[in-house]
2 protein chains.
Amino acid sequence: MTATKGDTRVRLLETALGLFTEHGVEGTSLQMIADALGVTKAAVYYHFKTKDEITEAVAEPAVAELSSILDRAEALRRHGAQVDYVLDGLVDLVVRNRVLVAVFCSDPGIARAVERSLHGEENVMTRLPAMLVGPDADDATRVAAHVALAGMAMAGGSPALVGMDDESLRRHLADAGRRLLGRPRRRDQALA
Amino acid sequence: MTATKGDTRVRLLETALGLFTEHGVEGTSLQMIADALGVTKAAVYYHFKTKDEITEAVAEPAVAELSSILDRAEALRRHGAQVDYVLDGLVDLVVRNRVLVAVFCSDPGIARAVERSLHGEENVMTRLPAMLVGPDADDATRVAAHVALAGMAMAGGSPALVGMDDESLRRHLADAGRRLLGRPRRRDQALA
DNA sequence: GTCTATACAACGATAGAC
DNA sequence: GTCTATCGTTGTATAGAC
């Protein structure tokens, strides 16, 4: 740890996320990243061939986590259990990475980069709604699933809710998702 | 009607919306707009001082409509009636302008332009959630309102739902919103 | 392997001629 | 109202120093 050498890539990614958060992805130039790191634009270009590659790399850990949530959910037998698992996992992911998610969802640059880059055709962005609605999908369920996904993600990153503590946000987001998808309410924390 | 003169501005706006839809706002350059119109970039700059001004002008009718929905809702006395009115109005607006809404919500350029431009401090983007949660807002309601707003808007513009007919989408979006905000289900079209 | 220097076409934007 | 010409900056790219 504390390796001061060879981790320019890591510092770059951290710096980039900070700048993305402040100015948005398209509002952040390679020059700004380079200046913040104290190097040249070309040095940035050495580590990543393209600006898109930077946005993908920034997004990658969260998307990989989401992907593995979907994998584990697929192993469950009952559809209801799958939905519960994905809902909880997604909410947890969103709450833990509020800032990242806000950048994600509000910027087409990242959205497209993620959509394009991830595991080929069996893409996370298509697996997610598919898993939530299940094989027996009517229109109402499909719409509800899309409202739930987009809503939970964007509400989690919303500036209006930054003041809310993680536990509250997590509980209420999960609650909203379950209500939309017709899952029963949680008993354990019902009176909180 | 069919005024062939002086309406370069209108043609420009229509052209811009078309290009925005196809390539996104940031993916559309002033050059592309100019070329599509058969004029120069500088000619475009005569009609709009800035690219942001174009995106604002493209978005303006829908935002004005939304603003007037909020005005009319404020005139209602019961909070439940206000929520119902805003929900219905918003869903209708979203469904009628699916394409526009998709561009809106997926592009920070437009999002910021709209946020910045509209009626000063008493901004539509802050009035909307405020009206939905009402004065007696607990955390659960606030989260639910944000999930509902973001979800309905983005789901309405989602590519996965473009095939759905307007009536179905309208009904199911409104249904999702009412469920999230604790409003009773509609009786009239309940069996559809 | 890691970086600097330099270049390039395209971008948003401006000034001024017709 | 539209043009040409130009500005600074962007993303991208290559050559070459260490």
Side-chain angles (χ1 to χ4, degrees), chain A residues 2-59 103 107-117, chain B residues 2-59 103 107-117:
Chain A
T2 73
T4 38
K5 169 216 153 207
D7 59 352
T8 318
R9 211 190 125 103
V10 177
R11 287 199 307 131
L12 199 158
L13 254 18
E14 289 166 355
T15 305
L17 175 55
L19 290 169
F20 287 172
T21 306
E22 197 170 354
H23 308 102
V25 176
E26 324 253 5
T28 302
S29 68
L30 297 187
Q31 195 70 255
M32 294 164 73
I33 299 178
D35 289 352
L37 253 70
V39 296
T40 336
K41 226 173 25 160
V44 173
Y45 219 75
Y46 167 75
H47 292 281
F48 299 93
K49 292 200 194 315
T50 241
K51 194 187 178 185
D52 270 7
E53 253 186 40
I54 301 182
T55 70
E56 289 176 22
V58 167
V103 176
D107 218 298
I110 282 228
R112 276 171 207 163
V114 170
E115 198 170 329
R116 203 182 314 125
S117 73
Chain B
T2 73
T4 38
K5 169 216 153 209
D7 59 354
T8 319
R9 207 190 128 104
V10 177
R11 288 197 308 128
L12 200 157
L13 254 18
E14 289 165 356
T15 306
L17 177 55
L19 290 170
F20 287 171
T21 306
E22 196 170 354
H23 307 102
V25 176
E26 325 252 5
T28 303
S29 68
L30 298 187
Q31 194 71 256
M32 294 164 73
I33 299 178
D35 289 353
L37 254 71
V39 296
T40 335
K41 226 172 24 160
V44 173
Y45 264 103
Y46 167 76
H47 293 281
F48 299 93
K49 291 196 195 317
T50 241
K51 194 186 179 185
D52 270 6
E53 252 186 41
I54 300 182
T55 69
E56 289 176 23
V58 167
V103 175
D107 220 297
I110 282 229
R112 278 173 207 161
V114 169
E115 199 170 328
R116 202 181 315 125
S117 74

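Below, chain A is the first sequence line, B the second, and so on; all start at residue 1.
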Report task. Round to the nearest Å and state the distance from B:H23 atom NE2 to C:dC11 atom C1'. Result -> 16 Å
**Report entry** Straight-line distance of B:F20 CZ to B:I33 CD1, nearest 0.5 Å
**Finding:** 5.0 Å
Requested in this report: Go through C:dC3, D:dC3, D:dT10 for me and flag the one nearest to the A:A43 side chain.
Outcome: C:dC3
Query - Partner residues of B:A34 under the side-chain contact (heavy atoms from CB on, under 4.5 Å) criterion, sequence neighbours left out - result: B:V39, B:V44
Report summary line: Contact string for nucleotides 13-18 of chain C, one letter per nucleotide 5' to 3', B = base within protein heavy-atom range under 4.0 Å, S = sugar-phosphate only, - = neither, reads BBB---
Query raised in the report: Between atom CD1 in A:I54 and atom P in D:dT12, what is the gap in whole Å?
Result: 9 Å
**Report entry** Between P of C:dG1 and CG of A:D7, the distance in whole Å
**Finding:** 17 Å
Query raised in the report: How would you list, by chain and number, every residue that makes a side-chain contact (heavy atoms from CB on, under 4.5 Å) with A:A42, sequence neighbours excluded?
Result: none
Query raised in the report: Testing A:L12, A:I54, A:L13 for side-chain contact (heavy atoms from CB on, under 4.5 Å) with A:H47, which one passes?
Result: A:L12
Report summary line: B:S29 has its side chain closest, among C:dT4, C:dG12, D:dT2, to C:dG12
Query raised in the report: Can you name the residues that form a side-chain contact (heavy atoms from CB on, under 4.5 Å) with B:T50, not counting sequence neighbours?
Result: B:D52, B:E53
Query raised in the report: With B:E14, which residues qualify under side-chain contact (heavy atoms from CB on, under 4.5 Å), at least two apart?
Result: B:V10
Query raised in the report: Does A:T28 or B:V39 map to a spot on DNA chain D nearer the 5' end, using the closest nucleotide for each?
Result: B:V39
Query - Presence of A:Y46 side-chain N/O under 4.0 Å of C:dT2 phosphate oxygens OP1/OP2 - result: yes
Requested in this report: Any chance you could measure A:D35, atom CG, to A:K41, atom NZ, to the nearest 0.5 Å?
Outcome: 10.0 Å
Report summary line: Walking DNA chain D from its 5' end, the first of B:G38 and A:Q31 to be reached, judged by nearest nucleotide, is B:G38
**Report entry** Side-chain N or O of A:T40 closer than 4.0 Å to phosphate OP1/OP2 of C:dC3
**Finding:** no
Requested in this report: Whole angstrom is fine here: how far is it from CD in A:E26 over to P in C:dG12?
Outcome: 12 Å
Query raised in the report: Can you tell me if the side-chain N/O atoms of B:H47 get under 4.0 Å from OP1 or OP2 in D:dT2?
Result: yes
Query - Atom-to-atom span, CZ of A:R11 to P of C:dT2 - whole angstrom - result: 13 Å
